[in-house]
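Notes follow once the structure below has been shown.
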Amino acid sequence: MGVFPYKKCHRLTRRQDFVRLSHRGPRAENSWFIAAFRPALGPETRLGVTVTRKVGCAVVRNRIKRLVREYFRLHRHLLSPPHDVNVIAKAVAKNADNATLFAALEDIFGRVGKAASR
RNA sequence: GCAGGAGACCGGGCGGCCGCUGGGAGGGAAACCUCCCGGAGGAAAGUCCGAACACCACAGGGCAGGGUGCUCCGUAACGCGGAGUCGCGGCGACGCGAAGGAAAGUGCAACAGAAAGCAAACCGCCUGGCGGAGAGAUCCGCCCGGUAAGGGUGAAACGGUGCGGUAAGAGCGCACCAGUUCCCCGGGCGACCGGGGAAGCUCGGUAAACCCCACCCGGUGCAAGACCAAAUAGGGGGGCGUCACGAGGCCGGCCCGGCCCAUGCCCCCGGGUAGGUCGCAAGAGGCCGCGGGCAACCGCGGUCCCAAGAUGAAUGGCCGCCGCCCGCUUUCGCGGGAACAGAAUUCGGCUUACGGGCUCCUGCCCCA
RNA sequence: GGGCCGUUAACUCAGUCGGUAGAGUAUCUGCCUUUUAAGCAGAGAGUCGCGCGUUCGAGUCGCGCACGGCCCA
C-alpha cells in the first residue's frame, strides 16, 4: 500500500451511512463547506462527499468532489481516532478557485480534528 | 481592403511526483502488492425522432388516438440525408419552406364598412312616374326599378388594360394579358417543364380550425430482464375434469368478441426483500485502394488503426518546459488568459451551447 | 434513466372557440373620522419567460430554447 491511498474501504458507500450522519452528530461549518462526522464503526476513517445540483452543472460538481477527495487522501492520517465524515459543499463553492477550496478544507478538517480528539 | 456565403477540420503538446479505475499476468491464507495495456465529447448535453436488445400483451376485425405529408433515390430505420421540382428572400455567392386537398362538408373573420361569401344598393350614375320651382334650358324632393364603371372602409370587396356597346352600366361583346379546367404534341422514372388548342368568363382567405385523402405506428424501458441468495413471515404455483348462464372480474385506449368463476382430483416446492453476479463493451466502426453512382450511399479487397465501462459512481491534484492569444516593455523579459462542457445499455440522426484557424466562392472599392 | 406540469401587474391567480389583457391583495390620491383602522370613490402599473414561424391579426396555434417544480423505478 502506498503512503496516501484512497481505496473503497475509505469511502462511505451506503445510503445508510449518509443517513446516520445526517441525523444526529456534530457538525463543522465554514463559508464553503459543512462537515458532518461521528466516530467510525470500522477501523478506517471514511469520507463521503455531497454536492447537490444546486451547486452547479456536472463539470463544476465533479471538480469540487475531486478536490475534496484529494485533500482527504493527503490528510486522512491526521484524523484520529477513525471517524466517518460527510463533506457537503455549499452553493457558493462553485465560484472559488482550487487554492481557496484547499484552504477551506484545511480549515474545516482542522475543526473536525479538534472536536474528534476531545 | 471591406462586407458576406458555403464546405471540411482541430478542440494544446512533452515530462516528473502523488493518486483513482477496467482488463491481463504473477505473488499472497487474506487484506493487498508488483508489472503490462487501456481510461470523456464534438457536442458525452437537451431527450426531439428512429432502431438494436429485453420483458409484457397479442385469434381476428372495427373504432378511437398519435405521427408524417412536393418527387425520386439512400438507409436496419427515421420526422434523417442526397439529388431535383415549385414558391419566397437576396445585386450575388447562396439561403429558407409542415410544399397533399378549400369546384366533399362544417366553422371562423374583431373594429371599420352599404355589403365579409347561395353576394350586396350607403353615396353616386341612369330610364320612367308623381309633386314643386322656373319664360325656358333645367333644377329640387319623393317613388317603382336598373346599374358593381366611380367614392369611401378594410388584411381581404367577385380579374387587369383598351375599344365597342348602353338610358346608365356590366365579360354584355371583341383584342391582348393573368388565372382555372380539359385535350393534343414533345422532354423527364417522377414532382414538373416547354409548345399548341378549346371552353367558360373568373369560380376569394384560413386545414400550425374541425376535417377529408394517402402512408406509418402494440406497450414499457437496462432501475428492461436473467441468475445466486441472508434475516423475517408462512404460503405459493401448475395441470385435468365437472358445474355454470349473469351480478362481478380480466383481456394494459375502447367495442364486437373471448376468458375466469362454485367446486373436485392430481402433481411440484418454491416465491421473494436486503445484498451479490450477469446483462456490460469486438462493430449497421474508422482508414486506404478498386469499382458503381451527379450525390447521399453501396459492393469487393486490404489494413489490424481504434474500440472507457463506474455503481455514493473512476478518468484527478501539484509542478516544470514548449506552443497560441492579450497587456506592459525598444529588445531581453514580466504578468495574465485559454471556450462550451463530464460517459451511465448501445447505435443512427436532429436540435441547442461554444473557441480557433483553413479552403473555395460572391458583391463593392483601390492599385498594377 | 424515463415522464408530466408551470412561467400573465409588486404578490396570488383568471383569460372558452385566435379579435382592444382582467380580478383580489398591496401602493398612491380624495371623501368620511379628532386621528388610525374599517368603509366609499378613483388612479398608477404588463417585452403575457425568450426566439422563430402560421394568420390580416398570437397570451391563445406550431416548432426550438431558458428557468422553476413534481412524479416513477
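Sequence lines set the chain letters: A, B, ... in the order given, protein chains first and strands last, and positions in each chain run from 1.
Shown here for Asn86(A) and Gly48(A), the closest heavy-atom pair between the two residues is OD1-O, 3.1 Å. The shortest heavy-atom contact between Ala96(A) and Trp32(A) is CB-NE1, 3.7 Å. Across all their heavy atoms, His83(A) and Pro39(A) have their closest contact at CD2-N, 3.5 Å.
Rounded to an integer number of Å, the gap from Ile64(A) CD1 to G342(B) P is 14 Å. If you measure from atom NZ of Lys94(A) to atom P of G342(B), you get 14 Å, rounded to the nearest angstrom. In this structure, CG of Leu74(A) is placed 11 Å from C1' of G316(B), rounded to the nearest angstrom. Rounding to whole angstrom units, NE2 of residue His10(A) and P of G19(B) are separated by 12 Å. At whole-Å resolution of the value, CZ in Arg73(A) and P in G317(B) are 12 Å apart. For Glu44(A) and A31(B), the CD to P distance is 15 Å, given to the nearest whole Å. Atom CD of Glu70(A) and atom C1' of C17(B) are 12 Å apart (whole Å). If you take CG of Asp97(A) and C1' of G337(B), they are 15 Å apart, rounded to a whole angstrom.
With contacts defined as side-chain heavy-atom distances shorter than 4.5 Å, the pair Val60(A)/Asn62(A) does not qualify. Looking only at side-chain heavy atoms (C-beta outward), Val19(A) and Arg14(A) stay at 4.5 Å or farther from each other.
Using a distance-only test at 3.5 Å, with no hydrogens or angles considered, a donor-acceptor pair links the side chain of Lys90(A) to the main chain of Asn30(A). The closest donor-acceptor contact from the side chain of Arg46(A) to the backbone of Leu12(A) lies at 3.5 Å or more, if one exists at all.
Nucleotides G252(B) and A14(C) place their P atoms 37 Å apart, quoted to the nearest Å.
Partner assigned to U181(B) is A198(B), using Watson-Crick or G-U wobble distances below 3.5 angstrom. Taking a pair to require two hydrogen-bonding distances under 3.5 Å in either a Watson-Crick or a G-U wobble arrangement, C290(B) pairs with G299(B). When Watson-Crick and G-U wobble pairs are counted only if both distances are under 3.5 Å, A282(B) pairs with no nucleotide at all. Judged by Watson-Crick or G-U wobble contacts below 3.5 Å, the nucleotide G316(B) has C18(B) as its partner. Both distances falling under 3.5 Å, in either a Watson-Crick or a G-U wobble arrangement, place U242(B) opposite A262(B). C254(B) is paired with G62(B) under the criterion used here, namely a Watson-Crick or G-U wobble arrangement in which both key atom distances are under 3.5 Å.
When each of G19(B), G342(B), C33(B) is scored by its nearest atom to the side-chain atoms of Lys7(A), the top-ranked nucleotide is C33(B). Looking at the side chain of Asn62(A), the nearest of the listed nucleotides G342(B), G316(B), G19(B) is G342(B).
Mapping Ala58(A) and Ala99(A) onto RNA chain B by nearest heavy atom places Ala99(A) closer to the 5' end of the strand.
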Next on the checklist: Please convert RNA chain C into dot-bracket. A pair counts if it is Watson-Crick or G-U wobble with both distances under 3.5 Å; crossing pairs go in [ ] and bases paired with another strand get |.
Outcome noted: (((((((..((((.....[..)))).(((((.......))))).....(((((..]....)))))))))))).
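In this structure, U16(C) is classed as anti because its glycosidic torsion departs from zero by more than 90°. Syn is the glycosidic conformation of A282(B), whose angle stays within 90° of 0. Glycosidic conformation, A25(B): anti, with the torsion outside 90° of 0. Classified by its glycosidic torsion, G92(B) falls in the anti category, the angle being over 90° from 0. Shown here, G42(B) is classed syn by the O4'-C1'-N9-C4 or O4'-C1'-N1-C2 angle, which is within 90° of 0.
Side-chain N/O atoms of Arg63(A) include none lying less than 4.0 angstrom from OP1 or OP2 on G317(B). In this structure, Arg66(A) does not reach the U21(B) phosphate: none of its side-chain N or O atoms is under 4.0 Å from OP1 or OP2. Close to A313(B), at under 4.0 Å from its OP1 or OP2, lies no side-chain N or O of Lys65(A).
For Arg76(A) and Glu44(A), the salt-bridge test passes: some basic side-chain N is under 4.0 Å from an acidic carboxylate O.
Contacts of Asn98(A) with the nucleic acid, taken as non-hydrogen atoms under 4.0 Å apart, involve only primed sugar atoms and P, OP1 or OP2. Arg61(A) comes within 4.0 angstrom of no nucleic acid atom, judged by non-hydrogen atoms across all strands. Here Cys9(A) lies out of heavy-atom contact (under 4.0 Å) with every strand.
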Grab the N/O contacts between the protein and nucleotides 309-312 of chain B below 3.5 Å, and write none if there aren't any.
{"residue": "U311(B)", "atom": "OP1", "partner": "Lys8(A)", "partner atom": "NZ", "Å": "3.0"}
{"residue": "G312(B)", "atom": "O2'", "partner": "Leu12(A)", "partner atom": "O", "Å": "2.2"}
{"residue": "G312(B)", "atom": "O6", "partner": "Arg15(A)", "partner atom": "NH1", "Å": "3.2"}
{"residue": "G312(B)", "atom": "N2", "partner": "Thr50(A)", "partner atom": "OG1", "Å": "3.2"}

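Legend: residues meeting ring pair (Phe, Tyr, Trp, His ring centres under 6.0 Å) with Tyr71(A), ordered by chain and number and at least two apart, are His75(A), Phe109(A).
Remark: Arg11(A) is positioned above the aromatic ring of Tyr6(A), its terminal NZ or CZ atom under 6.0 angstrom from the ring centre and at most 45 degrees off the axis.
Among Thr45(A), Leu67(A), Leu79(A), the single residue meeting the side-chain contact (heavy atoms from CB on, under 4.5 Å) criterion with Phe72(A) is Thr45(A).
Distance check, rounded to the nearest 0.5 Å: CG of Leu105(A) to CD of Glu70(A) gives 11.0 Å.
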